[in-house]
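Below is one structure, written out as structure tokens, with a few remarks after it.
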Amino acid sequence: MSEPFYVTTPIYYVNDVPHIGHAYTTITADALARWHRLLGDDVFFLTGTDEHGLKIQRSAEANGVSPLEQADVTSARFREVWNSLDISNDDFIRTTEPRHIASVQAFMQAIFDNGFIRKGTYAGQYCVACEAYYTDDDLVEGNCPIHGRPVEWLEEDNWFFELSRFEKPLLDWYEAHPDCVHPVGKRNEALGIIRQGLADVSVSRTSISWGVPVPWDDGHVFYVWYDALINYATAIGYGADPDRFARYWPAVHHLLGKDILRFHCVYWPAMCMAAGLEPPAHLGVHGFLLVGGEKMSKTRLNQIFPADLVTDFGVDGFRYHFLRDNPFGPDGDFSYEAMVTRYNTDLANNFGNLLSRVATVVGRRCDGIGPAPDPASPLGAVAADSLRDAAAAWAGLSPSNALEATWRLIAAANAHLETNEPWKMDPGPAVDAVMGDALEVLRIVAILATPAMPATCAHVWERIGLTGTPAEQRLPDAAAWGGYPGGLPVRTGDPLFPRISTK
RNA sequence: GUCGGCGUAGCUCAGACGGUUAGAGCACUCGGCUCAUAAUCGAGUGGUCGUCGGUUCGAAUCCGACCGCCGACACCA
């Protein structure tokens, strides 16, 4: 029985347009999913959209449509972007789907039945844009500190989740699971939040109607967060398919941005405990993609959208850049110039050019028929190192290191060609061995880089005469030295990644 | 303010339980090659490892102070 591997992105709020920040998380999740498929794992990769809440309700009113119609439009936009970026999600969940509404009600009912929800009153200054209450201290000149807009006084009967009762259980859980949050700095932040004391939180609203109804109290809907987090349970059959749920839970990998650490690393584990479940096993927290050192935001007008870059770099160039250039964890600064440099260096000069030169020499010295590699080639050891290091890096949520390890093999192959100069040799066994080695490197790289660049790798696979696709290969066996059989037609063709002129 | 983190080559970063001449990629310089997308290969230039002080035979690494940057401390998608 293969290992289950469940990976999620946050579900994206449909009030926003998909930008490269969303794409960064989603591409990382996609690459992880693809890597684990190569390992033969039973992968389930989930993304989706979060569609409830006051912002959506108001936005719909302003546009003269129903909230669901409003959500349909923006949710579709996310789907289209992921489609265009070759995202291989197995499911796309929308919080407005009946399966999710049923799941939220079952999940929250379980918490209620377990005695962790009580009635209370909440009153305060409320910012519609934030969907959040503020204290007087928070306000800036009477306005919302984030949006600078006037707040409204709201007072309502709420149901409260008794988060305060979970301080100790959460600390115990963190103690028992030292590796649950990556990187460790983020784990410490979560611990800090817990140690500072947790107050009960209101989980329902009467002031709005666009949400999941509270099953035990008509007129209340759940606050959008307590609806949203449960999507991770819904998608694997919570309350509907116990066997399937048990297969994928709690061995989940949640990927998330640091802005929502509190919800994922404190509230969500507590909610799981309250509902009688194990908390999620892995939480991967990453930083922001900055632009010119500043956070992307609508108001700064510095948002960058995937389509802006895919035109210049291609889908795989786009995917590669965000996986390779930003270590998973810290903030990363995006710049177009840096993206061009990396594209030209890693993709055009190193990888693409290797295929070009190999195809040409095989055409001239081997009649276009790719020979088999030398079983004793020095590149064999390099390939083994690359596989080992890449595997370790993927396991440690570090795509940039995984790709760096893979590119070391490409560099070794280019150097191997220089050392042997096959273009000076007459056709024969010596040329065959060198070119077979180079083709074998291309074959292995095509497999190892498939999580980052699936379409390009499939194309390389085909250009060197192999049948099937690299995505069908199974590691680690497929990356063992000597897998290229020889005797296959090798095609010359257009450059894999045309250089981008910097002038 | 409280807590935490960071400050290493022009740029992006690795290294740090103390120990030989501090590393990589990019950029730059020189040389080789001409199969290849003016690509590639090799060599080299470049750092008082934020500042000051302490511990030590020995500190980028441990301790303290300071300077600078950042984050968390909000019912923040």
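Values below: all heavy atoms of this structure, side chains included; hydrogens, waters and symmetry mates excluded. In the text below, chain A, chain B and the rest are named by the order of the sequence lines, each starting its count at 1.
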Please test A:Thr456 against A:Phe497 for side chain to side chain contact (heavy atoms under 4.5 Å, CB included), starting from the C-alpha separation and ending with a verdict. CA-CA 9 Å; A:Thr456 299; A:Phe497 300 99; 3.5 Å; yes
Pair of N/O donor and acceptor under 3.5 Å linking B:G32 base with A:Glu418 side chain: yes
Is A:Asn188 touching bases, backbone alone, or none of the nucleic acid, heavy atoms closer than 4.0 Å? nothing
Sequence neighbours excluded, which residues qualify as side-chain contact (heavy atoms from CB on, under 4.5 Å) partners of A:Leu261? A:Lys186, A:Glu189, A:Ala190, A:Ile193, A:Cys265, A:Val285
Hey, are A:Tyr267 and A:Arg262 close enough side-chain-wise for a donor-acceptor pair under 3.5 Å? yes
Classify the nucleic acid contact of A:Arg364 as base, sugar-phosphate or nothing, counting any heavy atom under 4.0 Å across all strands shown. sugar-phosphate
Note: for A:Ile193 and A:Leu496 on RNA chain B, the residue whose nearest nucleotide lies more 5' is A:Leu496
Nearest 0.5 Å please: distance from the CD atom of A:Gln303 over to the NE2 atom of A:His19. 5.0 Å
Picking from B:A77, B:C26, B:C41, the nucleotide nearest the side-chain atoms of A:Ala415 would be B:C41
Rounding to the closest angstrom, what is the interatomic distance between B:G42 and B:A24 at atom P? 12 Å
At under 4.0 Å between heavy atoms, what does A:Leu355 touch on the DNA or RNA strands: base, sugar-phosphate, or nothing? nothing
Would you mind reading off the distance between A:His264 atom NE2 and B:C76 atom P, rounded to a whole angstrom? 12 Å
Could you state the atom-to-atom distance from CG of A:Asp389 to P of B:A14 in whole Å? 17 Å
Nearest-angstrom distance, C1' atom, B:U45 to B:C30: 10 Å
Phosphate OP1/OP2 of B:U40 contacted by A:Asn349 side-chain N/O (<4.0 Å): yes
Can you tell me the distance, in whole Å, between the CZ atom of A:Arg491 and the P atom of B:A36? 18 Å
Taking the C1' atom of each, how far is B:A9 from B:A60, in whole Å? 14 Å
Rounded to the nearest angstrom, tell me the gap between atom CD in A:Glu337 and atom C1' in B:C11. 13 Å
Are any of A:Asn350's side-chain N or O atoms less than 4.0 Å away from OP1 or OP2 of B:U40? yes
Any chance you could lay out the ring pair (Phe, Tyr, Trp, His ring centres under 6.0 Å) test for A:Phe222 and A:Trp210, step after step, and finish with the verdict? CA-CA 9 Å; A:Phe222 287 113; A:Trp210 183 234; over 10 Å; no
Would you mind classifying the nucleic acid contact of A:Asp50 as base, sugar-phosphate or nothing, using non-hydrogen atoms under 4.0 angstrom? base
A:Lys119, NZ: over 12 other non-hydrogen atoms inside 6.0 angstrom: yes
Contact class for A:Ala228 (heavy atom, under 4.0 Å): base, sugar-phosphate, or nothing? base
Distance in angstrom units between A:Lys186 NZ and B:C6 C1', rounded: 12 Å
Under the 5.5 Å and 30° test, is A:Phe263 stacked on the base of B:A77? no
Phosphate contact (B:A39 OP1 or OP2) by A:Arg357 side-chain N/O below 4.0 Å: no
Base, sugar-phosphate alone, or nothing: which one does A:Ala348 contact when heavy atoms must sit under 4.0 Å apart? base
Separation of the C1' atoms in B:C33 and B:C70, to the nearest angstrom: 48 Å
Check whether the side chain of A:Asn353 and the base of B:A39 form a donor-acceptor pair under 3.5 Å. no
When rounded to the nearest 0.5 angstrom, what is the spacing between OG1 in A:Thr49 and CZ in A:Phe78? 7.5 Å
Taking the P atom of each, how far is B:C67 from B:C26, in whole Å? 39 Å
Please state the P separation for the pair B:C6 and B:C17 - nearest whole angstrom. 14 Å
Base, sugar-phosphate, or nothing for A:Arg262, non-hydrogen atoms under 4.0 angstrom? sugar-phosphate
Whole angstrom is fine here: how far is it from CD in A:Glu404 over to P in B:G15? 12 Å
For A:His100 and A:Thr234, does a side-chain donor sit closer than 3.5 Å to a side-chain acceptor? yes
Please tell me whether A:Thr74 and A:Tyr12 have a donor and an acceptor in their side chains that are separated by less than 3.5 angstrom. no
Rounded distance in Å between the P positions of B:A16 and B:G10: 23 Å
Counting only side-chain nitrogens and oxygens, does A:Lys55 get under 4.0 Å of the OP1 or OP2 atom of B:A77? yes
Base, sugar-phosphate or nothing for A:Leu256? Non-hydrogen atoms, less than 4.0 Å. nothing
Between residues 421-430 of chain A and RNA chain B, which residues have a heavy-atom gap below 4.0 Å? A:Glu421, A:Trp423, A:Lys424
Could A:Arg165 and A:Asp200 be called an ion pair, given the rule that one side-chain N must be under 4.0 Å from one carboxylate O? no
Touch check for A:Thr360, heavy atoms < 4.0 angstrom, all strands: base, sugar-phosphate only, or nothing? sugar-phosphate
Between A:Tyr336 and A:His321, does the ring pair (Phe, Tyr, Trp, His ring centres under 6.0 Å) criterion hold? Intermediate values first, please. CA-CA 11 Å; A:Tyr336 188 86; A:His321 180 266; 9.6 Å; no
Mind checking the P distance from B:U29 to B:G46? Whole angstroms is fine. 16 Å
Check this for me: does any side-chain nitrogen of one of A:Glu162 and A:Arg118 sit under 4.0 Å from a carboxylate oxygen of the other? yes
Show me the dot-bracket string of RNA chain B, counting Watson-Crick or G-U pairs under 3.5 Å, with | for pairs to another strand and [ ] for crossing ones. (((((((..((((.....[...)))).(((((.......))))).....(((((..]....))))))))))))....
At under 4.0 Å between heavy atoms, what does A:Gly192 touch on the DNA or RNA strands: base, sugar-phosphate, or nothing? nothing
Could you state the atom-to-atom distance from CD1 of A:Ile500 to P of B:A38 in whole Å? 14 Å
A:Thr345 or A:Phe351: which one's nearest nucleotide on RNA chain B is closer to the 5' end? A:Thr345
Calculate the interatomic distance between A:Arg342 atom CZ and B:C13 atom C1'; express it in whole Å. 10 Å
Distance, nearest 0.5 Å, that separates CG of A:Leu397 from CH2 of A:Trp394: 10.0 Å
Describe the nucleic acid contact of A:Trp225 in one word from base, sugar-phosphate, nothing, applying a heavy-atom distance below 4.0 Å. base
